[in-house]
Amino acid sequence: MTDWMNEALRLAEKAAAEDEVPVGAVVVHGDRIVGRGYNQRETRQSPMAHAEILAIDEASRNLGTWRLVGATLFVTLEPCPMCLAALQQARIDAVVYGASDPKGGAISLGYLLHEDLRTNHRFAARFEPSHECGEILTKFFRQKRQGSTQT
């Protein structure tokens, strides 16, 4: 697992500690992280507060542009359709994800916006399986299920 994905995993752990679905993301431009994010939907009470959206937003502020040309996003979980569209809008060069999401991931569901020839920007999407990225989600939801069955 790359150092970039390790940092995204660290952010996912922070989300879990805050009782958020443990997803973390970093935007890398050149050889440095320019944006970080982790899920904060419960904390912010916002359906938009996905790790990817927050990382894109911070990267745009830090770079002084919404066009993230030359940047790669590393995220612990496959982006949902909203996040994949945000990456397309941000003109990202690539996304790398460590765990697939068969029920909510845009690519798994067949929403291949990142390679749709009808759009004005396409980018690479790579699944680089990581046991750690999948395990943190499995552990989080197992604990949630156990907590909901206890009285």
Side-chain angles (χ1 to χ4, degrees), residues 1-29 32-62 66 68 71-116 119 121-151:
M1 190 161 51
T2 67
D3 289 343
W4 310 124
M5 192 62 82
N6 278 327
E7 178 63 11
L9 187 58
R10 188 189 69 72
L11 291 164
E13 290 166 352
K14 186 173 181 177
E18 295 178 14
D19 203 29
E20 296 277 359
V21 174
V23 178
V26 296
V27 176
V28 176
H29 190 267
R32 67 185 180 103
I33 294 174
V34 295
R36 289 176 171 83
Y38 62 93
N39 273 3
Q40 296 181 49
R41 292 190 308 171
E42 297 299 331
T43 302
R44 295 183 183 208
Q45 286 300 297
S46 171
M48 306 288 283
H50 287 210
E52 300 95 325
I53 301 293
L54 299 174
I56 290 166
D57 191 50
E58 183 175 282
S60 296
R61 283 194 317 274
N62 286 337
W66 61 268
L68 300 181
T72 299
L73 180 121
F74 292 83
V75 62
T76 57
L77 181 65
E78 178 183 351
C80 72
M82 175 183 71
C83 291
L84 196 68
L87 292 164
Q88 191 268 344
Q89 289 297 310
R91 309 302 194 262
I92 200 94
D93 276 14
V95 60
V96 178
Y97 57 99
S100 65
D101 185 358
K103 293 183 180 178
I107 297 164
S108 291
L109 294 171
Y111 299 112
L112 306 179
L113 182 65
H114 64 290
E115 58 186 34
D116 191 325
T119 64
H121 178 73
R122 285 162 298 286
F123 57 96
R126 291 190 318 270
F127 176 40
E128 294 183 2
S130 161
H131 173 75
E132 295 88 350
C133 291
E135 183 59 30
I136 192 171
L137 289 156
T138 301
K139 181 181 174 186
F140 178 82
F141 287 112
R142 184 182 311 123
Q143 289 173 339
K144 285 289 186 190
R145 283 189 303 276
Q146 290 171 349
S148 67
T149 59
Q150 297 174 354
T151 55

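Since the model is a prediction, treat every value here as computed from it, not as a measurement.
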[X] to [Y] - nearest heavy-atom pair and separation:
X   : Y   : answer
L11 : A25 : CD1-O, 3.4 Å
M48 : M82 : SD-SD, 3.6 Å
A12 : P22 : O-CB, 3.3 Å
W66 : S60 : CA-OG, 3.7 Å
E52 : L77 : OE2-O, 3.9 Å
L9  : M1  : CD2-CE, 3.7 Å

Can you give the donor-acceptor pairs under 3.5 Å from side chains of residues 103-110 to other protein atoms, not counting sequence neighbours?
{"residue": "S108", "atom": "OG", "partner": "E78", "partner atom": "OE1", "Å": "2.7"}
{"residue": "S108", "atom": "OG", "partner": "E78", "partner atom": "OE2", "Å": "3.2"}

Would you mind checking if K144 and D19 are paired as a salt bridge, meaning a charged N to carboxylate O distance below 4.0 Å?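 Salt bridge present between D19 and K144.
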In Å, rounded to the nearest 0.5 Å, how long is the span from [atom1] of [X] to [atom2] of [Y]?
X    : Y    : atom1 : atom2 : result
F141 : Q146 : CZ    : CD    : 13.5 Å
F74  : C133 : CZ    : SG    : 11.5 Å
E135 : R142 : CD    : CZ    : 6.0 Å
H50  : C80  : NE2   : SG    : 4.5 Å

For residues 90-99, which side-chain N or O atoms pair as donor and acceptor with protein atoms under 3.5 Å away, sequence neighbours left out?
{"residue": "R91", "atom": "NH1", "partner": "Q89", "partner atom": "O", "Å": "3.0"}
{"residue": "D93", "atom": "OD1", "partner": "G70", "partner atom": "N", "Å": "3.1"}
{"residue": "D93", "atom": "OD2", "partner": "G70", "partner atom": "N", "Å": "3.2"}

Can you tell if the side chain of E58 reaches within under 4.5 Å of the side chain of V27, non-hydrogen atoms only?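 No; the side chains remain at least 4.5 Å from each other.
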Decide if atom OH of Y111 counts as having more than 12 heavy atoms of other residues, nucleotides or ligands within a radius under 6.0 Å.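 Not buried by this count: 12 neighbours or fewer within 6.0 Å.
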Does any N or O in the side chain of T72 come within less than 3.5 Å of the main-chain N or O of V28, such that one atom is a donor and the other an acceptor?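 No, T72 side chain to V28 backbone: no donor-acceptor pair under 3.5 Å.
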Side chain to side chain contact (heavy atoms under 4.5 Å, CB included), paired with L73, selected from V26, L87, L68: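 The single option meeting the side chain to side chain contact (heavy atoms under 4.5 Å, CB included) with L73 is L87.
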Determine, stepwise, if the pair T43 / E20 fulfils side-chain contact (heavy atoms from CB on, under 4.5 Å). CA-CA 8 Å; T43 302; E20 296 277 359; 2.7 Å; yes
Using the rule given for side-chain contact (heavy atoms from CB on, under 4.5 Å), can you reason through E132 versus I136, listing the C-alpha separation, both sets of side-chain angles and the distance that settles it, and then say yes or no? CA-CA 6 Å; E132 295 88 350; I136 192 171; over 6 Å; no
Counting only pairs under 3.5 Å, give me each side-chain donor-acceptor contact of residues 34-41, with atom names and distances, residues two or more places apart or in other chains.
{"residue": "R36", "atom": "NE", "partner": "E7", "partner atom": "OE2", "Å": "2.9"}
{"residue": "Y38", "atom": "OH", "partner": "E18", "partner atom": "OE1", "Å": "3.2"}
{"residue": "Y38", "atom": "OH", "partner": "E18", "partner atom": "OE2", "Å": "3.0"}
{"residue": "N39", "atom": "OD1", "partner": "A51", "partner atom": "N", "Å": "2.9"}
{"residue": "N39", "atom": "ND2", "partner": "V21", "partner atom": "O", "Å": "3.3"}
{"residue": "Q40", "atom": "OE1", "partner": "R44", "partner atom": "NE", "Å": "3.2"}

